[in-house]
Amino acid sequence: MTFSEGMARGPIAMLEGRAALLRLWREYRDIAWAHGLPFFATTPTRRANRARMERAGHGPELIAQNVALLRSLAQGGPMCVGGLMGCRGDAYTGEGALPRQEARAFHRWQAEAFRRAGADFLLAGILPTAPEAQGMAQAMAETGLPYVLSLTLRRDGRLVDGTRLCDLIRETDALLGEGRPAFYMSNCIHPDAVRAALDQAFNRCGAVRARFLGVQANTSPRSFAELDGAEALQGDAPEPWAEALLRLHRAHPMRLLDGCCGTDGRHMAALAARLTAEAGN
């Protein structure tokens, strides 16, 4: 349950959700800092766009509360607080995705709410279509904050709408110019699937090598459709998962390595230990 969902269900649920989030983030923060790594965390607000917030009776103050909650953990080590955004429709099928200009207008409210709340950066997660990703990029660029586009990437090296990763990066960088994303990444995907996507011949280009620099990885190599219909949690144990991320990192150096579906503190600890050991060799 996210903090915003807790708010919608009443004060008791809100307090329980807040406490659960703080426990989780403290665990991850302490793992990062124990290994001398920076901690990047984003608010649980991927679906908190203006339309959904207004239907639930909330305004930008809820965005500010989420940012403040994360900011309360930032004492004692390197930490950046990010505002998490997401597409309007289905992140895995692209159903309900917006054209570029509509996306720019639709996502501007949330991006601006994060700017006013004092977020350090913005992250748009699991984006399945090029037009909406580019419209979101335009809205985020207007804030002046650094931002990252995280894409719904398939093993074949394309977004859900069929756009090749290399083309998405080149076209978006050209469209945004100096306001382009800090970098591109993917989430909700297994490291081996990311490697397969990056190894596609059309993605072996300078744009992908220089600009695709992060992954928040699932523990399961199964497809989006298989995971969406699964009745039980799927995934690798911490050590094999961390090793898969390191294999990806060796082949395609990254700036951000993190966990997504199926991961917990054990996976974060295994990854942090492997990263620091690798850096020490």
Side-chain angles (χ1 to χ4, degrees), residues 21-44 70-71 73-82 84 120-126 146-153 155 165 169 181-199 203-204 208-222 233-281:
L21 285 171
L22 286 172
R23 286 194 300 271
L24 181 68
W25 279 325
R26 285 191 185 109
E27 180 186 12
Y28 290 174
R29 178 201 65 185
D30 293 347
I31 290 169
W33 288 355
H35 289 85
L37 299 171
F39 180 52
F40 288 74
T42 59
T43 54
L70 266 180
R71 187 72 68 192
L73 300 170
Q75 304 300 318
M79 177 175 171
C80 289
V81 174
L84 179 61
D120 297 319
F121 68 98
L122 301 175
L123 172 64
I126 39 178
Y147 68 96
V148 177
L149 295 185
S150 188
L151 310 165
T152 311
L153 188 63
R155 278 181 172 270
L165 175 62
I169 292 174
F183 59 91
Y184 299 81
M185 58 178 285
S186 185
N187 64 307
C188 213
I189 184 172
H190 192 271
D192 292 345
V194 176
R195 186 170 180 182
L198 299 184
D199 284 344
N203 283 333
R204 296 176 187 169
V208 172
R209 286 194 301 272
R211 302 283 286 135
F212 188 90
L213 300 173
V215 58
Q216 290 179 302
N218 285 353
T219 61
S220 173
R222 294 190 177 189
L233 187 65
Q234 306 288 322
D236 293 342
E239 288 298 333
W241 175 82
E243 175 57 30
L245 268 174
L246 264 292
R247 286 197 303 269
L248 170 64
H249 183 48
R250 295 180 194 117
H252 304 276
M254 300 285 169
R255 290 172 58 185
L256 186 150
L257 293 171
D258 200 356
C260 200
C261 301
T263 60
D264 57 29
R266 299 170 303 151
H267 294 81
M268 296 298 98
L271 176 60
R274 295 297 298 274
L275 284 172
T276 51
E278 187 105 343
N281 291 336

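Contact between A217 and L245 at its shortest, heavy atoms only, is CB-CD2, 4.0 Å. Across W33 and P78, no two heavy atoms sit closer than the pair NE1-O, 2.9 Å. Nearest heavy atoms, I169 versus R211: CG2-CB, 3.8 Å. Listed here is the closest heavy atom pair of V148 and A182: CG2-CB, 4.4 Å. Heavy atoms only, all atoms of each residue included: F212 and L165 are closest at CD1-CD2, 3.8 Å. Here the closest non-hydrogen pair linking V81 and R71 is CG2-NH1, 3.7 Å.
Side-chain atoms of F40 and D258, non-hydrogen and from C-beta on, never get closer than 4.5 Å to each other. Here the side chains of E278 and R250 are in contact, with some heavy-atom distance below 4.5 Å. Taking 4.5 Å as the limit, some side-chain heavy atom of L123 sits within range of a side-chain heavy atom of M185. A heavy-atom distance below 4.5 Å is found between the side chains of L257 and H249. Using a 4.5 Å heavy-atom cutoff, the side chains of Q216 and T263 are not in contact. Residues R274 and P238 have side chains not in contact (no heavy-atom distance under 4.5 Å, counting atoms from C-beta outward). Residues D236 and H190 are in side-chain contact: their nearest non-hydrogen atoms beyond the backbone lie under 4.5 Å apart. Taking 4.5 Å as the limit, every side-chain heavy atom of L122 sits out of range of all side-chain heavy atoms of T42.
Residue C188 is tested with L153, L151, T152, N218 for a side-chain contact (heavy atoms from CB on, under 4.5 Å); the sole match is N218.
No side-chain donor-acceptor contact under 3.5 Å links S186 to the backbone of V215. Not one N or O on the side chain of T276 forms a donor-acceptor pair closer than 3.5 Å with the backbone of H35.
To the nearest 0.5 Å, atom CG of residue N203 and atom CZ of residue R209 are 11.0 Å apart. Here the straight-line distance linking atom CZ of R266 with atom CG of L271 works out to 14.0 Å at 0.5 Å rounding. The CZ atom of F39 sits 10.0 Å away from atom CE of M268, with the distance rounded to the nearest 0.5 Å. To the nearest 0.5 Å, atoms OH (Y28) and NE2 (H267) are separated by 9.0 Å. How far CZ of R204 is from CG of L198: 10.5 Å, rounded to the nearest 0.5 Å. Within the model, atoms CD of E27 and CG of L22 stand 13.0 Å from one another, a figure rounded to the nearest 0.5 Å.
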Original post:
Stepwise, does the side chain to side chain contact (heavy atoms under 4.5 Å, CB included) test hold for I189 with R155?
Top reply: CA-CA 9 Å; I189 184 172; R155 278 181 172 270; 5.9 Å; no
Original post:
Do H252 and V208 pass the side chain to side chain contact (heavy atoms under 4.5 Å, CB included) test, and can you show the C-alpha distance, the side-chain angles, and the key distance before you say yes or no?
Top reply: CA-CA 10 Å; H252 304 276; V208 172; over 6 Å; no
Subject >> Evaluation steps, salt bridge (charged side-chain N to carboxylate O under 4.0 Å, His left out), between D192 and R247 >> reply: CA-CA 8 Å; D192 292 345; R247 286 197 303 269; 3.3 Å; yes
